[in-house]
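Working notes, beginning with the structure itself.
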Amino acid sequence: DVQLQASGGGLVQPGGSLRLSCAASGFTFDDYAIGWFRQAPGKEREGVSCISESDGTTYYADSVKGRFTISSDYAKRTVYLQMNSLKPEDTAVYYCAASVSPLFTTAQAMAVNSYDYWGQGTLVTVSS
């Protein structure tokens with residue numbers, strides 16, 4: 001079974017940093033794209049970042065570009081989201097997801113319906 005396990009959320013002050021992890025199992029890692037999404041209370045789920053495991057291409061939403069960095073450790077089958085310069089508006093439940101199809105544009109990478117498997121969320125709260 002495909003499993004995605006997100007972790008690393010917590011409470012951080014504005015301007016601080018957190019690193020989220022997404023541990024994957026049950027599928028051939030380098031055949032997939034792994035994305036991070038977030039959902040704030042009362043808002044729709046939105047794409048944050050994505051990495052294509054086949055060639056390392058990365059995608060970012062404009063709202064996080066320059067502050068967040070996605071990376072992967074193939075040996076550990078884990079994708080990371082390093083979040084720096086956090087803002088209160090980054091507060092949300094963060095989810096990781098896997099797409100079995102190649103993604104070629106930022107729009108595709110940020111679309112909820114591009115992904116086939118989802119993990120549970122991890123809460124990130126940015127507050128003083």
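When a residue number appears, it is its place in the shown sequence, counting from 1.
- For Thr125, the side chain to side chain contact (heavy atoms under 4.5 Å, CB included) criterion is met by Leu11, Thr91, Leu123, Ser127, not counting sequence neighbours.
- Side-chain atoms of Ser99 never come within 3.5 Å of backbone atoms of Ala33 as a donor-acceptor pair (strictly under, hydrogens ignored).
- In this structure, Pro14 and Ser128 approach most closely via the heavy-atom pair CD-N, 3.7 Å.
- Among residues two or more places apart in sequence or in another chain, the side chain to side chain donor-acceptor pair (under 3.5 Å) test is passed with Ser7 by none.
- By the side chain to side chain contact (heavy atoms under 4.5 Å, CB included) test, Ser85 is found to be paired with Arg67, residues two or more places apart in sequence or in another chain being considered.
- By the side chain to side chain donor-acceptor pair (under 3.5 Å) test, Tyr95 is found to be paired with no residue, residues two or more places apart in sequence or in another chain being considered.
- Checked by atom type and distance alone, the side chain of Ser49 never pairs as donor or acceptor with a backbone atom of Trp36 at under 3.5 Å.
- Among all heavy-atom pairs drawn from Thr78 and Ser21, the shortest one is CG2-CB, 4.1 Å.
- For the disulfide (SG to SG under 2.5 Å) condition, the pairs that include at least one residue of residues 23-128, sequence neighbours left out, are Cys22-Cys96.
- Residues satisfying the ring pair (Phe, Tyr, Trp, His ring centres under 6.0 Å) test with Tyr80, not counting sequence neighbours, are none.
- Using a 4.5 Å cut-off between side-chain heavy atoms of Ile, Leu, Val, Met, Phe, Trp and Tyr, with links allowed through other members, Phe27 and Tyr117 fall into the same hydrophobic cluster.
- In this structure, CE on Met110 lies 9.0 Å from OG1 on Thr105, to the nearest 0.5 angstrom.
- Not one N or O on the side chain of Tyr94 forms a donor-acceptor pair closer than 3.5 Å with the backbone of Ala6.
- In terms of the side chain to side chain contact (heavy atoms under 4.5 Å, CB included) criterion, residue partners of Asp55 (sequence neighbours excluded) are, by chain and number, Ser52, Thr57.
- With sequence neighbours excluded, the residues that form a side chain to side chain contact (heavy atoms under 4.5 Å, CB included) with Pro102 are Phe104.
- The cluster map of Ile, Leu, Val, Met, Phe, Trp and Tyr, joined by side-chain heavy atoms under 4.5 Å apart, puts Tyr59 and Trp118 in different clusters.
- Residues passing the side chain to side chain donor-acceptor pair (under 3.5 Å) test with Ser72 are Glu53, sequence neighbours excluded.
- Aromatic ring centres of Phe68 and Tyr60 lie farther apart than the 6.0 Å criterion allows.
- Of the inter-residue distances, the one linking Ser101 atom OG with Tyr32 atom OH reads 9.5 Å to the nearest 0.5 angstrom.
- In terms of heavy atoms, Val2 sits closest to Gly26 at CG2-O, 3.9 Å.
- What you find for Ala98 and Ile34 is that their closest heavy atoms are CB-CD1, 3.7 Å.
- Considering only heavy atoms from C-beta on, Met83 comes within 4.5 Å of Leu20 through its side chain.
- Scanning both residues, Gly8 and Leu18, for their nearest heavy atoms gives O-CD2, 3.9 Å.
- Applying the side chain to side chain donor-acceptor pair (under 3.5 Å) rule to Ser17 yields the partners Asn84; only residues at least two apart in sequence or on another chain are considered.
- Legend: residues meeting ring pair (Phe, Tyr, Trp, His ring centres under 6.0 Å) with Tyr115, ordered by chain and number and at least two apart, are Phe37.
- The local environment of CD in Gln120 is crowded, with over 12 non-hydrogen atoms from other residues, nucleotides or ligands closer than 6.0 Å.
- Ala24 approaches Leu4 most closely through the heavy-atom pair CB-CD2, 3.8 Å.
- The CD1 atom of Ile70 sits 5.5 Å away from atom CD1 of Ile51, with the distance rounded to the nearest 0.5 Å.
- Side-chain atoms of Tyr74 and Val79, non-hydrogen and from C-beta on, never get closer than 4.5 Å to each other.
- Within the structure, the salt bridge (charged side-chain N to carboxylate O under 4.0 Å, His left out) test picks out the following pairs touching residues 42-52 (sequence neighbours left out): Arg38-Glu46.
- Checked for salt-bridge contact, Asp90 and Lys87 miss the test: no charged N lies under 4.0 Å from a carboxylate O.
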